[in-house]
2 protein chains.
Amino acid sequence: MSTHDPRPARPALPELVTPAEVAALFGVDAKTVTRWIAHGRLPGVRTPSGHHRLRRTDIDRLLKDAGSASAPPSS
Amino acid sequence: MSTHDPRPARPALPELVTPAEVAALFGVDAKTVTRWIAHGRLPGVRTPSGHHRLRRTDIDRLLKDAGSASAPPSS
DNA sequence: TAAAATTAGGGTAATTAGGGCG
DNA sequence: AATGTCCTAATTACCCTAATTT
């Protein structure tokens with residue numbers, strides 16, 4: 001029983017990035033990123049005005065799935 | 001505004017490049033590059049819509065490695 | 001408040017994926 | 001087995017203007 005309430009209930013605010021950021025990472029146009037969200041291909045939040053924002057964690061997950069390098073072009 | 005807003009837009013260079021870009025570097029058709037990825041000969045990322053993207057670092061590594069026959073990086 | 005940069009939205013041309021063929 | 005070219009359908013890039021953000 002902790003006499004004190006540390007109140008560490010930190011919801012860990014997700015780091016939101018702009019479509020331009022994601023576009024630069026994927027090597028596509030920012031408009032394409034918004035299109036991905038619009039088509040439900042990519043999870044993203046929307047500002048009350050209609051601007052898109054994406055969670056860096058989601059983006060990082062997609063990028064890490066690439067399996068960077070370690071693939072010698074030999075059989 | 002609350003103090004300064006640390007949003008320096010990040011470096012965010014095009015980390016991923018298109019098959020056409022890689023194809024031009026290797027002197028092959030873009031379709032060949034996608035085939036390399038399909039056959040697992042080259043590491044690549046897949047955009048949420050199915051298009052291929054390759055890591056610039058991987059490509060640069062392969063190209064650099066190509067001339068390692070006799071090219072000591074003297075200072 | 002004003003200005004500059006970014007974003008959304010529409011429209012059109014270029015690129016890409018996928019299969020098949022030589 | 002590997003690469004290039006032809007085809008169609010889907011996706012993307014760049015043009016513009018208006019709204020939003022910083």
Side-chain angles (χ1 to χ4, degrees), chain A residues 7-75, chain B residues 1-71:
Chain A
R7 305 218 120 282
R10 201 128 336 251
L13 294 173
E15 193 175 356
L16 299 178
V17 294
T18 60
E21 289 256 354
V22 180
L25 291 172
F26 274 96
V28 298
D29 191 87
K31 186 69 68 74
T32 301
V33 177
T34 63
R35 200 176 294 120
W36 287 342
I37 304 176
H39 283 69
R41 301 183 182 280
L42 200 62
V45 272
R46 203 146 194 199
T47 66
S49 315
H51 282 209
H52 295 96
R53 286 219 131 128
L54 305 97
R55 303 179 191 280
R56 181 168 281 278
T57 53
D58 293 332
I59 307 307
D60 186 61
R61 176 177 300 182
L62 290 175
L63 293 175
K64 84 165 181 66
D65 214 49
S68 55
S70 307
S74 284
S75 38
Chain B
M1 47 296 241
S2 41
T3 66
H4 287 76
D5 226 277
R7 201 145 317 237
R10 312 246 167 181
L13 297 180
E15 187 174 318
L16 303 178
V17 296
T18 61
E21 183 81 32
V22 179
L25 293 173
F26 279 94
V28 297
D29 191 87
K31 183 133 190 166
T32 302
V33 176
T34 61
R35 274 200 266 245
W36 286 343
I37 304 175
H39 284 279
R41 300 184 178 283
L42 207 59
V45 203
R46 206 96 186 219
T47 65
S49 48
H51 280 212
H52 291 107
R53 286 295 186 280
L54 301 99
R55 293 186 181 278
R56 185 180 291 270
T57 54
D58 293 335
I59 306 307
D60 185 64
R61 178 180 302 182
L62 290 175
L63 293 174
K64 169 176 71 75
D65 217 49
S68 63
S70 55

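Given the structure is predicted, the values throughout are model-derived calculations rather than measurements. Protein chains get the first letters and strands the later ones, always in sequence-line order, with residue 1 at the start of each.
Contact check on Arg55(B) versus Glu15(B) returns a salt bridge, with a Lys/Arg side-chain nitrogen under 4.0 Å from an Asp/Glu carboxylate oxygen.
Atoms CD1 (Ile37(B)) and C1' (dA17(C)) sit 12 Å apart, rounded to a whole Å. Rounded to an integer number of Å, the gap from Glu21(A) CD to dT21(D) P is 18 Å. In this structure, CZ of Arg46(B) is placed 10 Å from C1' of dG18(C), rounded to the nearest angstrom.
In a base pair of the Watson-Crick type (N1 to N3 plus N6-O4 or O6-N4) or a G-U wobble (N1-O2 and O6-N3), with each distance short of 3.5 Å, dA1(D) is matched with no nucleotide.
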Are any protein N/O atoms closer than 3.5 Å to N/O atoms in nucleotides 10-14 of chain D? If there are, list each pair with its distance.
residue	atom	partner	partner atom	Å
dT11(D)	OP1	Arg41(A)	NH2	2.5
dT11(D)	O3'	Ser49(B)	OG	3.0
dT12(D)	OP1	Trp36(A)	NE1	2.6
dT12(D)	OP1	Ser49(B)	OG	2.3
dA13(D)	OP1	Asp29(A)	N	3.0
dA13(D)	OP2	Asp29(A)	N	2.9
dA13(D)	OP2	Thr32(A)	OG1	2.1

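Checked by atom type, the side-chain pair Arg46(B)/His52(B) shows a donor-acceptor distance below 3.5 Å.
Nearest heavy-atom pair across Leu62(A) and Val45(B) is O-CG1, 4.0 Å. Of all heavy-atom pairs spanning Asp58(A) and Pro43(A), the tightest one is OD2-CG, 3.6 Å. The two atoms that bring Leu16(B) and Phe26(A) nearest to each other are CB-O, 3.7 Å, heavy atoms only. For the pair Pro19(A) and Ala30(A), the tightest heavy-atom approach, listed with the atom from each and the gap, is CB-O, 4.1 Å.
Between Thr18(B) and Arg53(B), the closest side-chain pair of non-hydrogen atoms falls below 4.5 Å.
Each end of the helix from dA3(C)-dT22(D) to dG19(C)-dC6(D) gets its own axis from five base pairs, and the two axes differ in direction by 60°, given to 10 degrees.
Residue pairs meeting the side chain to side chain donor-acceptor pair (under 3.5 Å) criterion with at least one partner in residues 20-36 of chain B, sequence neighbours excluded, do not occur; the list is empty.
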